[in-house]
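Single-structure report; data block below.
If you're wondering where the values come from, they're calculated on a predicted model, not measured in any experiment. So that the names make sense, note that chain A is the first sequence line, chain B the second, and so on, each numbered from 1.
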Amino acid sequence: MFGCNKKLKFLSTTVFSRPRFITVLPSSLLSTANPSVSFTKQAHACIVVSGLHGNASFLGHLIALLALCPSTPLEYSFAIHQTINNPPVFMSNNMIRCIAKSESPRKSLVFYSDSILRSCARPNNYTFTFLLQACSKSLGLCEGVQIHGQLLRLGFGQDVYVKNALIHFYSCCCKVESSKKVFEESPQRCDVVTWNVMLAGFARDGELSAAENLFVEMPERDVVSWNTMIMAYVHNGKLEESLDCFRRMRECGLPPNEATLVTMLSASAQLGLLGHGRMVHSLIDLFNIPMTVTLGSALLDMYAKCGCIEQARIWFDKLPRRDISTWNVMICGLASHGLAKEALALFRRFLNEGLCPVNVTFIGVLNACSRAGLVKEGWRYFRLMGDVYGIEPEMEHYGCMVDLLGRAGLVSQAVEMIESMDLSRNPVLWATLLCACRIHGLEEMGQSIGHKLIQLDPTYDGHYVQLSSIYAKSKKWEDVVRVRKLMVERNTCKVTGWSLIEDQGMVHRFVSGDREHKRSLEIYKMLERIETRLAEAGYTPNIVSVLHDIGEEEKEIVIKVHSERLAIAFGFLVTSSGACIRIVKNLRVCSDCHEFSKMISRVFEREIIVRDVSRFHHFKEGKCSCADYW
DNA sequence: CTAGGGTTAG
């Protein structure tokens with residue numbers, strides 16, 4: 001019934017039958033790893049029954065115990081605290097700690113002035129550590145600055161815990177300069193945590209090079225230092241650097257922990273590196289790291305984002321514990337692979353288990369509906385979200401709905417939705433519709449939306465390319481040229497398209513027309529051979545498409561070999577016959593490469609899995625899982 | 001007697 005029965009038994013025997021050992025009781029209680037409120041209540045009952053309820057020390061420990069519980073009703077600790085007149089500072093400190101951990105950490109400052117200052121009790125280094133925690137959490141900059149002044153006056157400025165809390169506090173409140181000041185004041189009075197909080201401060205502030213320099217300077221690095229550095233890379237989009245940092249950590253022989261692996265799984269997932277992700281997976285067992293909900297969710301996410309949706313599913317069923325996030329990862333994963341039926345079935349199971357969906361859950365559900373063209377169901381879930389679960393739709397939900405309607409050819413309904421919701425300044429929604437117009441051949445509508453888009457978002461070249469391809473489809477060549485000229489004149493920002501493929505733990509990234517790879521010669525030869533075979537099988541590249549209907553990847557009018565083909569050709573060089581080829585792209589697949597991949601999957605009996613910027617394409621036996629809509 | 005830093009999902 002209770003997780004801590006053994007401890008409780010020990011407690012009661014101590015209290016009732018061996019009162020001379022009573023002072024042992026509190027410390028043995030506090031050694032409890034994960035106290036629960038119910039356990040603490042029983043301890044409380046024992047204390048009361050044995051007539052010790054006036055003992056401030058016991059009750060202080062009880063409050064300390066409550067501070068360690070994952071969620072405690074504050075009233076409970078308050079009630080205990082109030083039973084003691086002139087509570088000792090030890091008790092008040094733990095009370096502050098409780099409040100700091102609660103949902104309303106700001107109250108700890110009120111408590112501090114009411115309880116400690118008013119009673120003229122002397123706060124100590126613990127008091128300030130907890131108070132600063134509260135300020136960090138509630139972003140109470142002004143209050144924290146006052147606390148800082150007070151603790152300096154009372155002479156706690158050199159306490160290492162207080163100092164670390166201060167550095168942490170300033171960096172939480174976006175005042176890294178102040179953190180740095182505190183950090184640099186007395187360098188001899190610091191420990192590895194001091195360095196770590198400073199490191200995290202730079203990372204939080206996006207000062208990656210400052211973080212790197214500090215990391216190099218550190219006299220010693222523990223697992224948190226490495227984790228902080230690795231996360232700094234991941235959060236700043238330096239995914240390959242994070243992999244490299246992890247490699248260096250492993251070379252140091254320092255064992256990774258859960259946080260390390262969660263971050264590395266996330267990095268592998270974002271990059272789409274299945275091999276790397278699998279390697280990280282194997283470390284979970286190697287280091288005996290318990291499969292927590294967080295780790296499990298990160299693992300599923302890695303498999304789903306690396307194209308192994310079956311593996312994700314297998315692990316989903318195997319996981320010892322799941323929470324809402326785990327379900328979200330799985331539902332969204334299935335949807336991104338176009339497995340709409342499975343995603344919706346899982347969602348129904350989710351509801352049957354009595355779980356409450358959140359906004360992300362509905363993004364997965366609506367995405368699934370959109371991929372399967374389930375207009376009616378999409379609307380139903382969209383309404384269910386607000387009516388039953390009270391979730392206000394966000395931009396992403398509208399995005400799914402616009403995609404759903406556009407895909408079904410109901411472009412005017414989608415336009416209506418965008419305009420009635422006053423979302424007409426959002427380029428992403430219009431871009432989704434432009435895509436629908438292109439696919440459904442709605443040229444007039446496409447042209448008008450295209451012009452709206454380049455007005456709304458004139459700096460992104462993808463819109464110009466889309467618009468020009470719509471004109472190309474209607475053979476309006478002057479307009480094609482006009483739009484392209486406009487794009488050049490406006491000096492739009494280009495995102496260089498690339499395709500990535502992993503081989504033997506190495507990442508090979510290709511750009512359009514790439515000749516940099518050391519096996520470039522072989523790659524082009526292989527590509528030629530592939531193209532010959534495809535031509536024999538009846539694949540003819542669409543000349544109009546090559547010249548004009550080019551995907552976002554193609555930024556110049558010059559015809560170059562798309563990066564995706566180079567990656568595929570390289571895939572043929574390094575994988576054994578019949579093995580699946582996995583590609584990750586940072587942009588959308590162009591229609592010509594899409595055809596090309598479909599043909600390859602048939603002619604060479606090769607499965608190709610391409611991760612696009614927004615979805616997966618599984619090419620198999622001449623067909624694609626996206627059913628030619630993307 | 002009590003204390004600190006780092007974590008997932010669209």
Here the distance between atom C1' of dA9(B) and atom NE2 of H235(A), to the nearest Å, is 12 Å
Side-chain contact check for T129(A): nearest option of dG6(B), dA3(B), dT8(B) is dA3(B)
Reckon Q133(A) touches a base, only the sugar-phosphate, or nothing at all at heavy-atom distances under 4.0 Å?
-> sugar-phosphate
Mind checking R615(A) for me? I need base, sugar-phosphate or nothing, with any heavy atom below 4.0 Å counting as a touch.
-> nothing
Side-chain atoms of Y126(A) come closest, of dA3(B), dG6(B), dT8(B), to dA3(B)
Distance in angstrom units between H61(A) NE2 and dA3(B) C1', rounded = 13 Å
Minimum-distance nucleotide to S325(A) side chain [options: dA3(B), dG6(B), dA9(B)] | dA9(B)
Kindly say if K305(A) contacts the phosphate of dA9(B), meaning a side-chain N or O under 4.0 Å from OP1 or OP2.
-> no
Heavy atoms under 4.0 Å, any strand shown: does N93(A) hit a base, just sugar-phosphate, or nothing?
-> base
Nucleotide dT7(B), atom C1' - distance to CH2 of W226(A) in whole Å = 18 Å
Kindly say whether the aromatic ring centers of F362(A) and F347(A) come within a distance under 6.0 Å.
-> yes
Of dA3(B), dG6(B), dT8(B), the nucleotide closest to the side chain of F130(A) is dA3(B)
Would you please name every residue forming a side-chain hydrogen bond (donor to acceptor under 3.5 Å, both in side chains) with Q270(A), sequence neighbours left out?
-> S266(A)
Nearest-Å distance, CE (M91(A)) to P (dC1(B))?
-> 17 Å
Taking atom types as modelled, find out whether N227(A) and N257(A) have a side-chain donor-acceptor pair closer than 3.5 angstrom.
-> yes
Touch check for D159(A), heavy atoms < 4.0 angstrom, all strands: base, sugar-phosphate only, or nothing?
-> base
For V193(A), answer base if it contacts any base atom (sugar-phosphate contacts may also be present), sugar-phosphate if it contacts only those atoms, and nothing otherwise; contact means non-hydrogen atoms under 4.0 Å.
-> base
Scan D191(A) against the nucleic acid and name what it touches under 4.0 Å (heavy atoms): base, sugar-phosphate only, or nothing.
-> base
Separation of dA9(B) atom P from N328(A) atom CG, nearest Å, is 11 Å
What one should report as the nearest heavy-atom pair of C308(A) and R278(A) is SG-NH2, 4.1 Å
Would you please name every residue forming a ring pair (Phe, Tyr, Trp, His ring centres under 6.0 Å) with H397(A), sequence neighbours left out?
-> none
Using a cut-off of 4.0 Å on non-hydrogen atoms, how would the nucleic acid contact of V360(A) be classed: base, sugar-phosphate, or nothing?
-> sugar-phosphate
Can you name the closest pair of heavy atoms from I63(A) and S77(A) and give their distance?
-> CD1-O, 4.0 Å
Return yes if the base of dG10(B) and the side-chain atoms of N367(A) contain a donor-acceptor N/O pair under 3.5 Å, otherwise no.
-> no
Which of these nucleotides, dA9(B), dT7(B), dA3(B), is closest to any side-chain atom of V262(A)?
-> dT7(B)
Which nucleotide in the list dA9(B), dC1(B), dA3(B) gets nearest to the side chain of F90(A)?
-> dC1(B)
Please report, rounded to the nearest Å, how far the P atom of dT8(B) is from the NE2 atom of H281(A).
-> 19 Å
note: I230(A), atom CD1; dT8(B), atom C1'; distance rounded to Å ~ 16 Å
How long is the line joining CD of E394(A) and C1' of dA9(B), in whole Å?
-> 13 Å
In terms of side-chain heavy atoms of E258(A), which of dA3(B), dG10(B), dT7(B) is nearest?
-> dT7(B)
